[in-house]
There are 2 protein chains.
Amino acid sequence: METHELRDVGLKVTLPRMKILEIMERETNERHLNAEQVYKILLSENEEIGLATIYRVLTQFEAAGLVSRHHFEGGNSVFELNKGHHHDHVVCVKCGKVDEFTDDIIEDRQNQIAQKLGYELTDHSLYLYGLCPKCK
Amino acid sequence: METHELRDVGLKVTLPRMKILEIMERETNERHLNAEQVYKILLSENEEIGLATIYRVLTQFEAAGLVSRHHFEGGNSVFELNKGHHHDHVVCVKCGKVDEFTDDIIEDRQNQIAQKLGYELTDHSLYLYGLCPKCK
DNA sequence: TTGAATGCAAACCGTTTGCAAACTT
DNA sequence: AAGTTTGCAAACGGTTTGCATTCAA
C-alpha cells in the first residue's frame with residue numbers, strides 16, 4: 001500500500017501523491033513517463049490533478065529517492081520508479097518502451113577511462129536508442 | 001578558410017556563419033558551447049549577431065553535418081564541431097571541460113546488449129560526468 | 001535584382017512559482 | 001487549529017518563428 005511508502009520517506013499522505021505513486025508503480029516496468037503522460041493517465045481515470053502538482057510531487061519523490069529523473073533524447077524529463085540498483089537504459093524511439101540493463105564490463109571500462117583522463121567520476125548516463133522487437 | 005567549408009555544404013557565405021564557424025573551430029577542442037556562450041564570445045569580439053541567428057545557424061550546421069548537438073545534464077543544448085569519427089564524452093561538472101574517448105569494448109558490449117534484448121540500434125549516448133584534473 | 005539570411009520582438013513549450021483555498025494530522 | 005499541499009494562473013528560460021529589412025550572388 002502506497003500509504004507506508006509515503007510515510008516512510010516523510011511525505012504526508014495525500015490523494016495526489018498516492019495516485020501518482022500508484023501510476024508509477026504500474027507503468028515503470030514498461031515505459032518511463034513524463035509529467036504530461038502522468039497527467040493524462042490521471043485524467044483518463046477521472047482524477048483531476050493539476051499538472052503543477054504532478055511536477056511538484058514527482059520532484060518530491062525524486063528528492064525522497066522514490067523515483068529518478070532522466071533526460072532522454074528530445075529533452076523533456078521522464079521519471080522512473082527506483083528499485084534500488086543502478087542500471088542503464090535501452091529506449092525504443094518509436095513506442096517509448098524502456099528496457100534496463102547493467103553490464104559490469106562497461107562499468108569497468110568507464111572507470112578506467114575516467115581514471116586515465118584524470119577525472120573523478122560523479123555520475124554517468126548511458127542510453128541506447130533503437131527499435132524494440134515489436135516496432136522493427 | 002571557413003568560406004570553403006560553408007560552400008561545400010551548400011550554405012551561402014555570410015558574416016554570421018563565418019564568425020560562428022570560426023568560433024566553433026577555436027573552442028570545440030576545449031569545451032562544447034551552448035548558443036548563449038557563442039553569443040557572448042561574439043559580443044566580446046564586437047560582433048553584434050542576434051541570438052536567434054546563432055540558433056538558426058547552429059541548427060543549419062547540424063543539418064549540414066558540420067556540428068553535433070548534445071544534451072548534457074541540466075538540459076540545454078551544446079554544440080561541437082564534427083571531426084568525422086564517433087566518440088563519447090567525459091564532461092567536467094565544474095568547469096565544463098570536455099574530453100572525448102572511444103572504446104571498442106564498450107561499443108561491442110552495447111551491440112551485444114541491444115541484440116540480446118531484440119533492439120535494432122539507431123543511436124546511443126554515453127556521458128561520463130565528474131571533476132577534471134584541474135577542478136578536483 | 002532577387003531570393004535567402006538577419007534582427008527584433010513575440011510566440012512557444014516544458015517546467016516552476018506565488019498565492020488563496022482545501023486539505024492532513 | 002496549524003501548517004502543508006493543492007489548483008490556478010502567471011512567470012520563467014531556453015529555443016523557435018513571423019515579418020520587415022539587409023545582404024550575397
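Just so we're clear, the structure is a prediction, and the values are computed from it rather than from any experiment. Quick note on labels: first sequence line is chain A, next is B, and so on, each numbered from 1. All values below come from the heavy atoms of this structure, side chains included, with hydrogens, waters and symmetry mates left out.
- The side chain of A52(B) approaches dT16(D) more closely than any other nucleotide in the set dG7(D), dT6(C), dT16(D).
- The distance between atom CD of E48(B) and atom P of dA5(C), rounded to the nearest whole Å, is 22 Å.
- Comparing V78(B) and G10(A), the nucleotide of DNA chain D nearest to each residue sits closer to the 5' end for G10(A).
- Note: CD1 (I54(B)) to P (dT17(D)) measures 17 Å, nearest angstrom.
- Taking side-chain N and O atoms only, R56(B) has no distance below 4.0 Å to OP1 or OP2 of dT17(D).
- Atom P of nucleotide dG14(D) and atom CG of L33(B) are separated by 15 Å, given to the nearest angstrom.
- For H70(A) and H89(A), the ring centers are positioned less than 6.0 Å apart.
- For L11(B) and E36(B), each mapped to the nucleotide of DNA chain D holding its nearest heavy atom, the one lying further toward the 5' end belongs to E36(B).
- One finds a side-chain N or O of Y55(A) lying less than 4.0 angstrom from the OP1 or OP2 phosphate oxygen of dT15(C).
- Between the C1' atom of dC8(D) and the OH atom of Y39(A) lies a distance of 11 Å, rounded to the nearest Å.
- Under 4.0 angstrom from either OP1 or OP2 of dT4(D) there lies no side-chain N or O belonging to R17(A).
- Contact between the side-chain N/O atoms of S77(B) and the OP1/OP2 oxygens of dT15(D) is found at a separation under 4.0 Å.
- Using a cut-off of 4.0 Å between Lys/Arg side-chain N and Asp/Glu carboxylate O, E48(B) and K19(B) are scored as not salt-bridged.
- At distances below 3.5 Å, not a single donor-acceptor pair connects side-chain atoms of N82(B) with backbone N or O atoms of G84(B).
- Per the geometry, CD belonging to Q60(B) stands 16 Å off P belonging to dT15(D), to the nearest Å.
- Judged by distance alone, with hydrogens and angles left aside, the side-chain atoms of T53(B) form no donor-acceptor pair with the main-chain N or O of I49(B) at under 3.5 Å.
- Per the geometry, CG belonging to L51(A) stands 10 Å off P belonging to dG14(C), to the nearest Å.
- A close approach under 4.0 Å does not occur between any side-chain nitrogen or oxygen of T14(A) and OP1 or OP2 of dC23(C).
- Rounded to a whole Å, the CD atom of Q37(B) is 17 Å from the P atom of dG13(D).
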task = Quick one: do E80(B) and H87(B) satisfy side chain to side chain donor-acceptor pair (under 3.5 Å)? Show the steps, please.
result = CA-CA 12 Å; E80(B) 112 182 84; H87(B) 56 255; 2.8 Å; yes

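- Checking the phosphate oxygens (OP1, OP2) of dG14(D), no side-chain nitrogen or oxygen of R69(B) falls inside 4.0 Å.
- Of all nucleotides listed (dA4(C), dT24(C), dG7(D)), dT24(C) comes nearest to the side chain of K12(A).
- Per the geometry, CG belonging to L58(A) stands 12 Å off C1' belonging to dT15(C), to the nearest Å.
- Over its full length, the helix from dT1(C)-dA25(D) to dT25(C)-dA1(D) turns its helical axis through 30°, comparing axes from the five pairs at each end and rounding to 10°.
- Counting only N and O atoms by type, the side chains of D99(B) and Y119(A) include a donor and acceptor under 3.5 Å apart.
- Residue-level contact check: L15(B) touches neither bases nor backbone, having no heavy atom under 4.0 Å from any strand.
- With ring centers used as reference points, H124(A) lies under 6.0 Å from H86(A).
- The backbone N or O of L81(B) lies less than 3.5 Å from a partner atom in the side chain of T28(B), making a donor-acceptor pair.
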